[in-house]
Amino acid sequence: MNFNYNALPSRVIFGVGRRKEVKTELERLGIERALVLSTADQSATGAEFAAMIGDRVGAIYPGAVMHTPIAVTESAIHQMEQMNCDGILSVGGGSTIGLGKAIAYRTGLPQLVVPTTYAGSEMTPILGQTDKGLKTTLRSAKVLPETVIYDPELTLTLPDFITGPSGMNAIAHAVEALYAEDANPIISMMAEASIKALGTALPVLIRDGSDMVARETAAYGAWLAGACLGSVGMAIHHKICHTLGGTFDLNHADVHCLLIPYSAAHNAEAAPEAMAAISRALGGQEAAAGLYELMQLVGRKKSLEDMGLSEADLDKAANLAVQNPYYNPRPVTLEGVREMLQAAFEGRQP
Ligand code: NAD
């Protein structure tokens, strides 16, 4: 064995109903006037949290949107400064959490995050933001939230077309953590447990989104996946998803969900130990086949053609995806990536 392991400092509170501890946790962080963030869609949830924290509300900003545009961050900071806020309470998915991180990056203020999807951003020191349509990503300890409260009850309102893809987005973090350049035994343990939890919970949730045990299991898997994403580097799958998402404006979770079986198949020969772990987590099925079956069951879009791409777009995407490639266990080539995109375009079993 030969590895590096860096533990990330964050406090995690997990359990059904534990959102009620939000005020105590703000106190623990020394936040007296919180800026409460949500999307417009989740403004009612934001208002519920504002009511729970009572005199610790500094301002409410229900304006988070996808891709963390800098203009939105600046407008939230303006409101925050006017109201003298001294900390951030983000309630929502990756978009809301992204806004909180962007504010923390610029102001150094502490963050309490209550995630309501399975995207995992709350556990990472990574911030993606867009300026005039251009997305850039940075890594900084300043953006890692200090405290995270996972309350699976908050995910009960997720419709199945978000539950499935968002859960597969989390699985994609865990899959790539298993064959990361800086993979290590602790994170690999978490990754395998994450795939097992989500692989068990997602099919149940697609049948019955109100199954509380499955909601709890999925949130647990998403936490582990977020920790994987925060700790080790990602590979070809994340590179392709960012390229496709950014260039063709495709939904983040849908792209991850569709492509992860193809990414696993692409790397299968080069990463046999990772494949064995995925296979164990999925109950013994071969890794790519198991992921494909899960994607077919819980995904919203079953091919790149379904997402509106044309075959000509595949050439463009493949060319972009091989520029400045991330580490990948199988050497990244234009032909290899193009082949993988073709299979995903047709939606055939990888
Ligand atoms: P999202 O935050 O955009 O949420 C999707 C939609 O679901 C929104 O309309 C939201 O209001 C709604 N929603 C969220 N929770 C809900 C709930 N419980 N019930 C009903 N509706 C709910 O989507 P996402 O997939 O969570 O996040 C995607 C974004 O996060 C992308 O921009 C991605 O780049 C980013 N991300 C960043 C990291 C990181 O480490 N920096 C990690 C993962 C994702």
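In each ligand, atom 1 is the first atom listed, and ligand 1 is the first ligand listed. Both backbone and side-chain heavy atoms feed into the values below; hydrogens, waters and symmetry mates do not.
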Any atoms of ligand 1 less than 4.0 Å from a non-hydrogen atom of L229? List them with their elements. 40 (O), 42 (C)
For atom 41 (N) of ligand 1, what is the closest protein heavy atom, and at what distance to 0.1 Å? I126 O, 2.9 Å
Verify, without hydrogens or angle tests, whether R215 (side chain) and E153 (backbone) share a donor-acceptor contact under 3.5 angstrom. no
Using a 3.5 Å cut-off on N or O atoms only, is H173 in polar contact with ligand 1? no
For ligand 1, is any non-hydrogen atom under 4.0 Å from I162's backbone (N, CA, C, O), its side chain (CB onward), both, or neither? side chain
Any donor-acceptor pair under 3.5 Å linking the side chain of Q349 with the backbone of A289? no
Min side-chain heavy-atom separation I236-E176 under 4.5 Å: yes
Polar-atom distance check: Q42 versus ligand 1, any N or O pair below 3.5 Å? yes
How far is atom 25 (O) of ligand 1 from its nearest protein heavy atom, and which residue and atom is that? A119 CB, 4.0 Å
Tightest non-hydrogen contact, residues I60 and V57, listed as CG1-CG1, 4.0 Å
Are side-chain N/O atoms of T124 and R139 paired as donor and acceptor at under 3.5 Å? no
Should you measure from each heavy atom of K101, which atoms of ligand 1 turn up under 4.0 Å away? 39 (C), 40 (O), 41 (N)
Between ligand 1 and L127, is the shortest N or O to N or O distance under 3.5 Å? no
Among P165, A170, S121, closest by heavy atom to atom 37 (C) of ligand 1 is S121
Group every Ile, Leu, Val, Met, Phe, Trp and Tyr by side-chain heavy-atom contacts under 4.5 Å, then state whether L297 and M168 land in the same group. yes
Of the side chain and backbone of T39, name the one, both, or neither that has a heavy atom under 4.0 Å from an atom of ligand 1. side chain
Among H252, M66, E122, M123, which one has a heavy atom closest to atom 33 (C) of ligand 1? H252
Please check if the number of heavy atoms outside E27 that lie under 6.0 Å from its CD is greater than 12. yes
Under 4.0 Å from any heavy atom of G93, which atoms of ligand 1 are there? 2 (O), 26 (O)
Shortest non-hydrogen separation from Y326 to V332 and the atoms involved: O-CG2, 4.4 Å
Considering all heavy atoms of both residues, which atom of M123 and which atom of S10 are nearest to each other, and what is their separation? CE-OG, 3.4 Å
Scan side-chain atoms only and decide if Y292 and Q296 contain a donor-acceptor pair under the 3.5 Å cut-off. yes
Proximal ligand 1 atoms for L154, defined as those under 4.0 Å from one of its heavy atoms: 18 (N)
Ligand 1 atoms nearer than 4.0 angstrom to some heavy atom of T124 are 39 (C), 40 (O), 41 (N)
Between N267 and N328, does any side-chain donor sit less than 3.5 Å from a side-chain acceptor? yes
L89, I97, I103, V91 screened by side-chain contact (heavy atoms from CB on, under 4.5 Å) with L37, the one that passes: I103
Would you confirm whether any non-hydrogen atom of the protein falls under 4.0 Å from atom 5 (C) of ligand 1? no
T96 N/O to ligand 1 N/O under 3.5 Å: no
Check each atom of ligand 1 against the heavy atoms of G94 and keep those under 4.0 Å away; list them by number with element. 2 (O), 24 (P), 26 (O), 27 (O), 29 (C), 30 (O)
Is it the case that the side chains of K101 and S121 hold a donor-acceptor pair, with the cut-off being a distance below 3.5 Å and no angle test? yes
Residue pair R19 / D151: nearest heavy atoms and the distance that separates them: NH1-OD2, 2.7 Å
Nearest protein heavy atom to atom 3 (O) of ligand 1, by residue and atom, and its distance? S95 OG, 2.6 Å
May I ask you to check if ligand 1 and T155 share an N or O to N or O distance below 3.5 Å? no
What about T157: any of its N or O atoms under 3.5 Å from an N or O on ligand 1? yes
Per-atom contacts, ligand 1 versus D41 - under 4.0 Å to a heavy atom: 9 (O), 11 (O)
With heavy atoms of T116 as the reference, note each atom of ligand 1 found under 4.0 Å away. 14 (C), 15 (N), 16 (C), 17 (C), 18 (N)
of all protein heavy atoms, closest to atom 26 (O) of ligand 1 is T117 OG1, 2.6 Å
Looking only at protein heavy atoms, which one is nearest to atom 34 (O) of ligand 1, and how far off is it? K135 NZ, 3.2 Å
